[in-house]
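Here the structure is laid out as structure tokens; the discussion comes afterwards.
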Amino acid sequence: MIDRERVCEMTKLAAYEQQEGKRYHGAMRFYRRDFVGRHLIKGFFCATVAFGLMLLAWGVCHMEELIHELPSMDVIQFGISILVRYLLFLIVYLIGVAVYANMHYAAGRRSQKRHLRRLKHLGRLYKEQEERAAAGLHGSTEDTARP
């Protein structure tokens with residue numbers, strides 16, 4: 001006979017594998033430290049490119065001003081101010097990336113633990129059914145066809 005509770009658990013497990021399992025699969029292949037470190041490295045390069053593009057856009061928008069002030073400008077001071085802004089931008093961006101990566105990893109771990117609890121529960125249901133069948137309480141464990 002089909003056990004309704006077992007079918008519900010199997011449905012939930014299949015839904016997990018199709019949705020949440022795929023979403024968190026990448027995070028669960030690594031330890032937390034490795035996962036966050038990988039995101040920080042990617043974040044460093046992305047932040048550098050983003051800052052460079054923003055700096056380029058700013059330079060294009062203020063090209064006329066820069067050309068007029070270039071002869072009297074302290075280039076070293078200008079470079080230092082850009083470097084300080086870059087470092088501040090990088091720090092803020094990497095903190096955000098680290099927070100996001102930690103939250104994503106924690107959500108994946110919670111999801112994985114919930115999935116493992118369901119697997120254990122399904123295993124207990126199968127074991128209970130086998131014990132009932134061995135004791136002769138239910139007779140056959142197969143579906144009986146009704147006309």
Side-chain angles (χ1 to χ4, degrees), residues 1-134 138 141-145:
M1 184 148 316
I2 295 178
D3 186 4
R4 182 182 176 99
E5 186 178 3
R6 199 171 68 199
V7 170
C8 287
E9 283 298 317
M10 289 169 47
T11 304
K12 289 177 186 175
L13 289 169
Y16 171 84
E17 290 172 2
Q18 292 297 318
Q19 296 168 357
E20 284 186 52
K22 288 182 181 178
R23 183 179 340 153
Y24 296 120
H25 178 71
M28 296 298 98
R29 293 185 317 166
F30 300 102
Y31 292 109
R32 179 186 299 258
R33 185 174 165 187
D34 296 336
F35 182 74
V36 172
R38 185 172 177 234
H39 272 70
L40 287 174
I41 290 170
K42 288 190 318 189
F44 171 78
F45 290 112
C46 289
T48 301
V49 169
F51 187 81
L53 291 174
M54 289 187 297
L55 185 63
L56 181 67
W58 179 83
V60 168
C61 289
H62 294 92
M63 182 68 74
E64 192 173 320
E65 270 180 51
L66 288 173
I67 290 174
H68 283 65
E69 294 180 16
L70 192 59
S72 63
M73 183 186 305
D74 185 10
V75 179
I76 294 175
Q77 183 64 31
F78 183 67
I80 290 173
S81 70
I82 289 176
L83 182 64
V84 167
R85 289 182 178 141
Y86 167 69
L87 292 175
L88 288 174
F89 175 76
L90 188 64
I91 289 169
V92 170
Y93 187 80
L94 290 180
I95 287 171
V97 167
V99 168
Y100 167 77
N102 275 306
M103 289 174 55
H104 185 73
Y105 189 86
R109 290 292 293 170
R110 282 192 306 270
S111 175
Q112 186 181 39
K113 286 181 181 180
R114 188 170 49 248
H115 181 66
L116 291 175
R117 275 195 307 267
R118 285 187 176 138
L119 283 172
K120 287 179 184 178
H121 184 250
L122 183 62
R124 283 193 302 268
L125 291 175
Y126 271 108
K127 189 174 181 178
E128 289 172 6
Q129 183 182 13
E130 288 175 4
E131 290 171 356
R132 283 192 307 244
H138 274 296
T141 59
E142 298 179 17
D143 288 339
T144 55

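Since this is a predicted model, take the numbers as computed values, not measurements. FYI, side chains are in, hydrogens and waters are out, and symmetry mates aren't considered; it's all heavy atoms of this structure.
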Practice item. Using atom types as modelled and distance alone, determine if a side-chain donor or acceptor of S111 lies under 3.5 Å from a backbone N or O of A107. Key: no
Exercise for review: Would you confirm whether H62, through its side chain, and W58, through its main-chain N or O, come within 3.5 Å as a donor-acceptor pair?
Suggested key: yes
Practice item. Please assess F78 against L70 for the test side chain to side chain contact (heavy atoms under 4.5 Å, CB included), listing each intermediate value before the final yes or no. Key: CA-CA 10 Å; F78 183 67; L70 192 59; over 6 Å; no
**Study point:** Where G43 and Y93 come nearest, the two heavy atoms and their spacing
**Key:** O-CE2, 3.3 Å
Practice item. Rounded to the nearest 0.5 Å, what's the gap from OH on Y105 to OH on Y31? Could you check? Key: 8.5 Å
**Study point:** Minimum-distance pair of heavy atoms, taken over all atoms of H39 and V97
**Key:** O-CG1, 3.5 Å
Review point. Out of curiosity, E69 CD to E64 CD, how far, rounded to the nearest 0.5 Å?
Key: 11.0 Å
Review point. When you look at CG of L88, are more than 12 heavy atoms from neighbouring residues, nucleotides or ligands closer to it than 6.0 Å?
Key: yes
Point to revise | Nearest-0.5 Å distance that lies between atom CD in E128 and atom CD in E131 | key: 7.0 Å
Exercise for review: Evaluate the criterion side chain to side chain contact (heavy atoms under 4.5 Å, CB included) for residue pair L90 and F44; output intermediate values, then yes/no.
Suggested key: CA-CA 7 Å; L90 188 64; F44 171 78; 3.7 Å; yes
Practice item. State which residue, out of V84, L83, I82, fulfils the side-chain contact (heavy atoms from CB on, under 4.5 Å) condition with I80. Key: V84
Point to revise | Distance in Å, F35 CZ paired with H104 NE2, rounded so as to fall on 0.5 Å steps | key: 4.5 Å
Review point. Distance from H68 atom NE2 to M63 atom CE, nearest 0.5 Å?
Key: 13.0 Å
Practice item. Give a yes or no on this: more than 12 heavy atoms of other residues, nucleotides or ligands lie within 6.0 Å of atom CZ of R32. Key: yes
Check your understanding: Atom OH of Y86 and atom CG of L55: how far apart are they, to the nearest 0.5 Å?
Key -> 11.5 Å
